[in-house]
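Read through the structure below, which is laid out as structure tokens, and then see the notes.
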Amino acid sequence: MMMIRTNSHLHHAFFKLTGILITNSLTTTPLSSSRLGLESTLLASLLHSTSFSNNGDRRLLSRYQKVTKLDDAFNLFDEMIQRKPLPSAVKFTQLLNAVAKMKHFSCSLDLFKQMCAIGVPVDKYSMSIAIKCCCHLYRTNDGFALLASCFRRAVVPNVFVFNTLLDGLILEDRIVDAERLFKKLIKHKLCEPDVVTYNTVIKGLCKFGNNDIAIGLLRLMDERGCKPNVVAYNTIIDSLCKDKMIEDAFKLFDEMVFAKGIQPDVITYTSLIYGLCNLCRWDEVSKLLKEMEEDVRISPNIQTFSILVDAFCKEGKVHEAEAVIDIMVERGVVPNIVTYNSLIDGYCLRGEMTKAKSIFDSLTSKGLVPNVVTYNSLVNGYCKSLKIEEAMHMFHEITIKGLKPNIVTYSTMLQGLFRVGRCGDARKLFDEMRAAGQIPDEYTYGVILNGLCNNHQVEVALSLFHMVGDSKLNSHIVVYNILIEGASKCGELDTAKTLFHDITLKGLQPNVRTFNIMISGLCREGQLKEAKLLFHKMDESGCPPDSVTYNVLLQGYLKNQNYDDVEMLLHEMDGRGYSIDASTLSLLIHQIAAGSLDKSMVQLIGRLVPKELMDTPA
DNA sequence: AAATAAGCTG
């Protein structure tokens with residue numbers, strides 16, 4: 001399941017990236033210096049005036065809005081309810097909002113209830129905050145109950161309240177309910193949907209992969225006289241980027257900028273940069289980053305930088321990632337736990353656990369608190385380095401620190417235990433996981449099947465597979481790939497063949513990996529004719545052979561002394577630009593030494609061996 | 001005179 005991508009452009013791209021970032025920070029500094037032209041002075045003064053208006057122009061916050069600690073909020077509230085006469089509803093509402101802003105939703109809700117109990121009049125403002133709190137606590141139904149009480153109290157809910165409820169439904173993945181509510185609003189004219197209403201529904205559609213319908217709604221809102229804004233476009237662009245449909249994302253971007261004249265913001269750029277990073281299209285990343293830097297109104301923020309850090313780390317370029325962190329710090333953007341999670345994960349993936357651990361240990365001094373994601377990376381890193389005791393230690397640390405291991409944590413730990421052959425402990429952990437209320441997903445399922453197969457328990461894996469039956473868990477090709485590989489490695493090729501046959505019966509499609517595993521199994525048993533047959537079936541199955549297929553088949557031919565076929569395959573590989581992997585190469589070298597291969601082949605083979613293999617002695 | 005929204009973990 002691991003994919004190693006090497007990208008020669010990356011290093012180059014990195015210098016471009018950091019180059020852009022550094023040049024920009026240099027060009028922005030002289031703005032305040034004296035050797036500026038008139039226009040620049042104007043610009044500088046504009047900059048000054050905006051920074052002034054940020055503080056000076058804004059009205060002073062009331063003490064009810066200024067609360068930053070929960071205790072202060074409660075104390076203030078207690079003091080307020082003793083006062084005679086009671087402070088205005090506005091003051092109470094401001095306090096409620098301040099508490100909600102601190103994300104203490106249930107506290108805010110408590111205060112709201114107390115406030116109602118002592119008879120402070122409730123209006124649409126306090127109602128909408130209370131409803132928001134319910135929604136953020138995944139208790140949207142309670143939000144609807146409050147809505148009902150609005151009607152009883154003759155408080156007319158406005159579009160804010162409905163938007164909040166709509167958002168709550170989407171947060172709970174209740175997309176059908178959300179659509180129903182949306183239609184009801186329009187049909188019964190409960191309120192006039194505004195741009196936020198539409199955007200919220202668009203967000204819901206995107207969340208469920210309905211990008212096309214989301215775009216449809218974007219058109220519809222325009223027709224209905226509600227102009228889409230940058231948020232509407234960003235939501236869809238972001239969703240398209242996540243679904244790797246980057247061309248469509250750029251199409252929408254162009255439409256937004258050139259046809260509608262809407263200015264992109266940092267979120268637009270960040271989404272697109274994320275999409276490009278995800279596809280390893282580094283040159284375009286630099287281009288876009290440059291474009292963004294050229295727009296004086298926009299500068300990369302913590303997310304933009306974190307995405308770059310993450311991209312470098314995923315490519316194994318941890319030093320480049322650290323350079324990005326240095327640049328962001330220089331620019332006054334403070335890295336957060338997400339940024340460091342990427343870096344820690346990067347070191348873990350490289351197996352540099354000492355370094356990973358030392359960054360982890362330094363978090364506290366930076367005022368950052370590790371979260372489950374942080375621990376998951378370390379658990380994963382230790383497992384991959386076969387340091388299972390350290391992994392277990394980290395795993396237990398999660399609960400000690402008051403956090404909860406999630407499905408990723410359990411799956412990772414399970415994988416680690418299987419990997420060192422501790423099937424019994426894996427079983428125990430699996431039970432523990434279910435007792436903790438964590439529902440295994442398809443990934444967990446794959447880890448377990450794979451773990452059993454690799455520990456000579458194919459039978460157990462197969463019976464688990466049959467027990468799961470026609471459930472959704474078994475409708476993924478990965479499951480078949482694991483079992484076919486497991487069965488054929490145990491010499492149960494007939495079982496493997498049956499499974500392979502079942503794939504199409506189930507309406508699934510074998511992928512390249514499925515074919516490769518099957519061909520490799522057939523070769524192992526010396527069934528070269530069948531292997532060849534399958535190889536030729538690949539193209540017509542819409543699944544053309546890749547470099548792995550050729551290597552697998554080549555090894556089969558070599559082991560069975562089919563030298564004519566070897567020659568043919570080598571020529572085909574040359575034509576397709578595929579190269580020879582390390583284990584095929586060592587087989588070939590043996591054959592060359594034994595004099596089984598024609599001298600004329602040697603040159604061709606030399607051409608098919610990648611440089612990296614030549615440099616490192618086997 | 002107070003309020004709603006879209007970007008990272010295996």
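Side chains included, hydrogens not; waters and symmetry mates left out as well; all remaining heavy atoms used. Chain naming here is simple, since letters A, B, ... match the order of the sequence lines and numbering starts at 1 in each.
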Ignoring the backbone of [X], work out which of [options] is nearest its side chain.
X: A:K242; options: B:dG10, B:dA2, B:dG7; answer: B:dG7
X: A:N158; options: B:dG10, B:dA3, B:dG7; answer: B:dA3
X: A:N406; options: B:dT9, B:dA3, B:dA6; answer: B:dT9
X: A:T412; options: B:dA3, B:dG10, B:dA5; answer: B:dG10
X: A:N229; options: B:dG10, B:dA5, B:dA3; answer: B:dA5
X: A:V196; options: B:dG7, B:dG10, B:dA5; answer: B:dA5
X: A:N163; options: B:dA2, B:dA6, B:dT4; answer: B:dT4
X: A:Y274; options: B:dA6, B:dT9, B:dG10; answer: B:dT9
X: A:D265; options: B:dA2, B:dA6, B:dG10; answer: B:dA6
X: A:N199; options: B:dA2, B:dA5, B:dT9; answer: B:dA5

Please determine whether a side-chain nitrogen of the Lys or Arg among [X] and [Y] lies less than 4.0 Å from a carboxylate oxygen of the Asp or Glu.
X: A:K317; Y: A:E315; result: no
X: A:K132; Y: A:D167; result: no
X: A:E390; Y: A:K357; result: no
X: A:E255; Y: A:K251; result: no

Could you check whether [X] gets within reach of a base, just the sugar-phosphate, or nothing at all, counting any heavy atom under 4.0 Å?
X: A:D238; answer: sugar-phosphate
X: A:T93; answer: base
X: A:S128; answer: base
X: A:S411; answer: base

Length of the [atom1]-[atom2] vector between [X] and [N], whole Å:
X: A:L205; N: B:dA5; atom1: CG; atom2: P; value: 18 Å
X: A:N234; N: B:dA5; atom1: CG; atom2: C1'; value: 11 Å
X: A:D441; N: B:dT9; atom1: CG; atom2: C1'; value: 13 Å
X: A:L403; N: B:dT9; atom1: CG; atom2: C1'; value: 13 Å
X: A:Y443; N: B:dG10; atom1: OH; atom2: C1'; value: 4 Å
X: A:I482; N: B:dG10; atom1: CD1; atom2: P; value: 17 Å
X: A:L276; N: B:dG7; atom1: CG; atom2: C1'; value: 14 Å
X: A:D310; N: B:dG10; atom1: CG; atom2: C1'; value: 13 Å

Assess whether one donor atom and one acceptor atom, taken from the side chain of A:T270 and the base of B:dG7, lie less than 3.5 Å apart.
yes
So does A:D345 reach the base of B:dG10 with its side chain, donor to acceptor, closer than 3.5 Å?
no
With a cut-off of less than 4.0 Å, is there a side-chain N or O of [X] near OP1 or OP2 of [N]?
X: A:N97; N: B:dA3; result: yes
X: A:K124; N: B:dA3; result: no
X: A:K132; N: B:dT4; result: yes
X: A:K101; N: B:dA3; result: yes

With side chain to side chain contact (heavy atoms under 4.5 Å, CB included) as the test, pick out the partner of A:L473 among A:V468, A:V479, A:L464.
A:V468
Can you tell me which residue among A:Y375, A:F395, A:Y443 is in a ring pair (Phe, Tyr, Trp, His ring centres under 6.0 Å) with A:Y410?
A:F395
Would you say A:D222's side chain and A:P228's backbone share a donor-acceptor pair under 3.5 angstrom?
no
